[in-house]
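Here is the structure we will look at, set down as structure tokens.
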Amino acid sequence: FTIKLRYKICVNILVKFITEHNPTHIAVTFDHARKTFRNKLYEDYKGTRKTMADELRVQMPILKQVLGAMNIKIFEKPIDIMPVCAKIHL
């Protein structure tokens with residue numbers, strides 16, 4: 001798959017999910033590439049994760065614009081904020 005095709009598939013899956021499940025809340029998080037306290041706690045944190053391809057990196061602003069247009073909340077925090085959000089809304 002090309003990066004553009006993967007991006008399109010992700011957007012289509014998101015639209016299908018929203019259409020089929022009609023969620024009352026939806027959010028997307030983006031994990032930063034920078035070092036965090038987790039790296040100090042566990043040396044191999046993200047050790048097997050590959051660097052984001054430049055082709056995908058340049059599409060991130062577009063993806064964020066699409067999500068914003070869909071009124072989807074975007075969190076620019078580490079990925080572990082999602083359990084907190086889920087707990088608040090359960």
Side-chain angles (χ1 to χ4, degrees):
F1 290 116
T2 65
I3 298 294
K4 288 181 182 179
L5 181 57
R6 288 180 188 160
Y7 171 79
K8 185 175 180 179
I9 289 169
C10 288
V11 171
N12 289 341
I13 289 170
L14 181 59
V15 169
K16 182 178 178 184
F17 175 83
I18 292 169
T19 302
E20 290 178 0
H21 299 282
N22 197 26
T24 58
H25 298 81
I26 191 166
V28 174
T29 63
F30 291 92
D31 198 8
H32 294 285
R34 70 176 183 261
K35 303 270 185 195
T36 69
F37 72 92
R38 289 170 206 81
N39 297 95
K40 292 178 184 175
L41 294 173
Y42 181 61
E43 187 177 317
D44 289 331
Y45 179 71
K46 295 187 186 181
T48 60
R49 191 178 295 182
K50 295 180 182 177
T51 304
M52 183 184 296
D54 289 338
E55 295 169 314
L56 182 57
R57 186 181 318 280
V58 298
Q59 293 183 51
M60 287 292 111
I62 298 166
L63 175 59
K64 291 175 183 178
Q65 286 178 345
V66 170
L67 294 170
M70 296 172 73
N71 291 320
I72 295 175
K73 178 69 177 168
I74 298 171
F75 289 96
E76 297 281 346
K77 301 287 181 183
I79 216 80
D80 60 4
I81 196 168
M82 292 310 289
V84 174
C85 294
K87 186 174 182 179
I88 290 169
H89 294 291
L90 288 179

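Throughout, numbering of the chain's residues begins at 1 and tracks the sequence.
A distance of 7.0 Å separates CG of Leu63 from CD1 of Ile74, quoted to the nearest 0.5 Å. The line from CD of Gln59 to CD of Gln65 is 12.0 Å long, rounded to the nearest 0.5 Å. Atoms CD1 and CG, from Ile62 and Leu67 in turn, are 12.0 Å apart once rounded to the nearest 0.5 Å. Separation of atoms CE (Met70) and CD1 (Ile18) is listed at 3.5 Å; rounding is to 0.5 Å.
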Ile26 and Leu14: side-chain contact (heavy atoms from CB on, under 4.5 Å), yes or no, with the steps?
CA-CA 10 Å; Ile26 191 166; Leu14 181 59; 3.7 Å; yes
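The side-chain heavy atoms of Asp54 and Arg57, taken from C-beta on, include a pair separated by under 4.5 Å.
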